[in-house]
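Keep in mind that this is a model prediction, so the values were computed, not measured.
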Amino acid sequence: MEMNGTTLINRPVEAVYAYVIDVSNDVHWRTGITESRWAAGQSIGLGAVGYTRAGDAEVEWRVVSYNPGESVEWDLVSGPILGRGGYRVVPVDGGTQFTLLADVEPTGLYKLLGPLFGWMGRRQNQADVERLRDILESTPD
């Protein structure tokens, strides 16, 4: 189920990409995230493994596509939600179009929520990208 969020950010592509690719920043703009990090000794790159914690849930993800300055995608390999996620930046007049990619399949309790899960996820991801926009536009160059 696709739950993408997109916004226009009045900042250069390089600034937006640098901020989102630093996964430790997730705690500032992604709802419920309390920790996001690379596995010991790893950093952004094809095959890199990362972990994100939201409450009691920990999700492990692996980078499957990496185009520096343009996009990154990962597979969610463990946790309550499986699928694929990522970020994409595209230069537009005066700034950047940022898209949070999320194509996921809920498991367990989340699966019981069915279509409500998708609606809530799309709504939350859109709110998150708008929070990202607010953070980046209020940060001096």
#### Entry: Remaining members of hydrophobic cluster (4.5 Å side-chain criterion), V49
Y51
### Task
With sequence neighbours excluded, tell me which residues meet ring pair (Phe, Tyr, Trp, His ring centres under 6.0 Å) with Y66.
none
### Task
Would you list the pairs meeting salt bridge (charged side-chain N to carboxylate O under 4.0 Å, His left out) in which at least one residue belongs to residues 69-78, sequence neighbours left out?
E73-R84, D75-R84
#### Entry: Exam field: side chain D26 to backbone S36, donor-acceptor pair closer than 3.5 Å
no
### Task
Describe, in one word, how the ring planes of F98 and Y87 are oriented to each other, choosing from parallel (under 30°), tilted (30 to 60°) and perpendicular (over 60°).
tilted
### Query
Could you state the interatomic distance from CG (L132) to OG1 (T7), rounded to the nearest 0.5 Å?
8.0 Å
### Task
Using the side-chain hydrogen bond (donor to acceptor under 3.5 Å, both in side chains) rule, collect all pairs that involve residues 93-104, keeping only residues at least two apart or in two chains.
T6-T99
### Query
To the nearest 0.5 Å, how far apart are CD in E130 and CG in L8?
10.5 Å
### Query
Quick one: side-chain hydrogen bond (donor to acceptor under 3.5 Å, both in side chains) pairs with a partner in residues 37-49, sequence neighbours left out?
E35-R37
### Task
Using a strict 4.0 Å threshold on nitrogen-to-oxygen distance, state whether R131 and D134 make a salt bridge.
no
### Task
For N10 and E137, indicate whether the former's side chain and the latter's backbone hold a donor-acceptor pair under 3.5 Å.
no
### Task
With sequence neighbours excluded, tell me which residues meet side chain to side chain donor-acceptor pair (under 3.5 Å) with R88.
none
### Query
Roughly how far, to the nearest 0.5 Å, is the CG atom of D128 from the CH2 atom of W29?
6.5 Å
### Task
Report yes or no: do T34 and R53 form a side-chain donor-acceptor pair below 3.5 Å?
no
